[in-house]
Colleague: 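Before anything else, here's the structure in question.
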Amino acid sequence: MSYFAAAFARSGDEWVASETDLDDVETVEDVVDAVQDVESDDENVLVLVEEENWFAVVRVEGDEEPRVYVSDGAETLRSPVGEALVSELVEEHRLAAVVAGDAGADLPVVPATDLDEDEDEPVELPAEPIGEAGLLDDLGIRAEDLNRLAAAIGTPPSAAVTFLAERLGFAEALEAVR
């Protein structure tokens with residue numbers, strides 16, 4: 001599967017964009033490393049990723065943990081880039097399933113000391129948006145709007161990314177690198 005990824009950051013009064021190569025990433029931290037060279041006035045970098053069946057937003061703010069949102073958890077696990085983006089979310093889901101005894105995850109309830117043994121068990125993520133839906137709230141895109149965009153049947157991921165870029169004010173920068 002092919003993907004498109006670009007990083008966006010503020011420079012003065014405008015957004016600048018750079019296409020981002022995520023071919024070698026294995027974790028969301030690798031994604032953060034891939035955008036370390038993007039200069040930003042406020043250390044705030046947004047990464048938009050689109051594949052055939054899903055899109056993702058990653059927000060990197062200085063030394064803070066990256067915040068991730070993907071439109072379809074199950075679809076992201078079908079690509080190496082998607083797996084990298086949800087690497088932290090998979091671990092959170094695995095732990096939550098084990099603690100809750102979630103039968104849908106096909107993981108038994110086990111004592112916390114046995115968690116390391118379950119790391120090789122496959123995890124299924126739901127075919128719905130996962131991650132931090134409110135990661136763009138302060139930029140004018142509410143969590144419910146982002147979830148509505150992800151759930152819109154028939155909306156191609158590229159159209160969703162274009163919509164986000166328009167709402168965030170960097171549609172021209174997106175088109176320059178697309």
Side-chain angles (χ1 to χ4, degrees), residues 1-8 20-35 45-61 64-110 115-139 141-165 167-168:
M1 288 189 184
S2 65
Y3 69 92
F4 169 77
F8 302 88
T20 304
D21 180 358
L22 301 179
D23 286 347
D24 297 325
V25 299
E26 294 182 4
T27 67
V28 71
E29 294 299 331
D30 293 340
V31 175
V32 172
D33 289 343
V35 298
V45 177
L46 296 177
V47 181
L48 300 182
V49 181
E50 63 187 48
E51 273 214 18
E52 184 178 337
N53 296 317
W54 56 270
F55 69 90
V57 180
V58 180
R59 188 163 180 176
V60 180
E61 297 175 279
E64 301 287 324
E65 290 292 319
R67 298 159 63 192
V68 177
Y69 175 87
V70 297
S71 64
D72 187 319
E75 286 293 332
T76 58
L77 293 178
R78 297 174 194 235
S79 82
V81 172
E83 283 187 38
L85 291 173
V86 298
S87 59
E88 293 293 322
L89 300 174
V90 165
E91 291 308 314
E92 290 172 16
H93 181 76
R94 182 188 313 273
L95 182 59
V98 170
V99 170
D102 183 355
D106 293 323
L107 295 173
V109 176
V110 295
L115 288 175
D116 291 342
E117 295 175 13
D118 292 333
E119 287 183 5
D120 294 332
E121 292 288 325
V123 172
E124 293 181 23
L125 294 177
E128 60 188 38
I130 61 170
E132 189 175 335
L135 79 167
L136 300 175
D137 280 352
D138 64 319
L139 297 176
I141 298 178
R142 299 173 307 158
E144 52 269 22
D145 294 337
L146 194 55
N147 282 332
R148 204 172 303 127
L149 180 64
I153 295 172
T155 301
S158 61
V161 167
T162 298
F163 174 81
L164 292 173
R167 290 275 309 268
L168 294 168

Colleague: When you measure from the side chain of Tyr3 to the backbone of Ser79, do you find a donor-acceptor pair of N or O atoms at a distance under 3.5 Å?
Modeller: no
Colleague: According to salt bridge (charged side-chain N to carboxylate O under 4.0 Å, His left out), who are the partners of Arg142, at least two apart in sequence or on a separate chain?
Modeller: Glu144, Asp145
Colleague: Measuring from Ile130:CD1 to Leu125:CG, what's the distance to the nearest 0.5 Å?
Modeller: 4.5 Å
Colleague: What's the separation between atom CD in Glu88 and atom CD in Glu29, rounded to the nearest 0.5 Å?
Modeller: 6.0 Å
Colleague: Kindly give the heavy-atom pair with the smallest separation between Val25 and Leu22, and that separation in Å.
Modeller: CG2-O, 3.1 Å
Colleague: Only counting residues at least two apart or in another chain, list the ones meeting salt bridge (charged side-chain N to carboxylate O under 4.0 Å, His left out) with Asp33.
Modeller: none
Colleague: Holding to ring pair (Phe, Tyr, Trp, His ring centres under 6.0 Å), I want the full list of residues that pass it with Tyr69, two or more places apart in sequence or in another chain.
Modeller: none
Colleague: Identify the two heavy atoms, one from Asp72 and one from Ala127, that lie closest to each other, and give their separation to 0.1 Å.
Modeller: OD1-CA, 3.4 Å
Colleague: Between Glu61 and Arg67, is there a side-chain N and carboxylate O pair less than 4.0 Å apart?
Modeller: yes
Colleague: Going from CD on Glu132 to CG on Leu89, what distance comes out if it is rounded to the nearest 0.5 angstrom?
Modeller: 10.0 Å
Colleague: If we ignore hydrogens and angles and just use 3.5 Å, is the side chain of Ser71 paired with the main-chain N or O of Phe55 as donor and acceptor?
Modeller: yes
Colleague: From Glu51 CD over to Ser158 OG, what is the distance, rounded to the nearest 0.5 angstrom?
Modeller: 12.5 Å
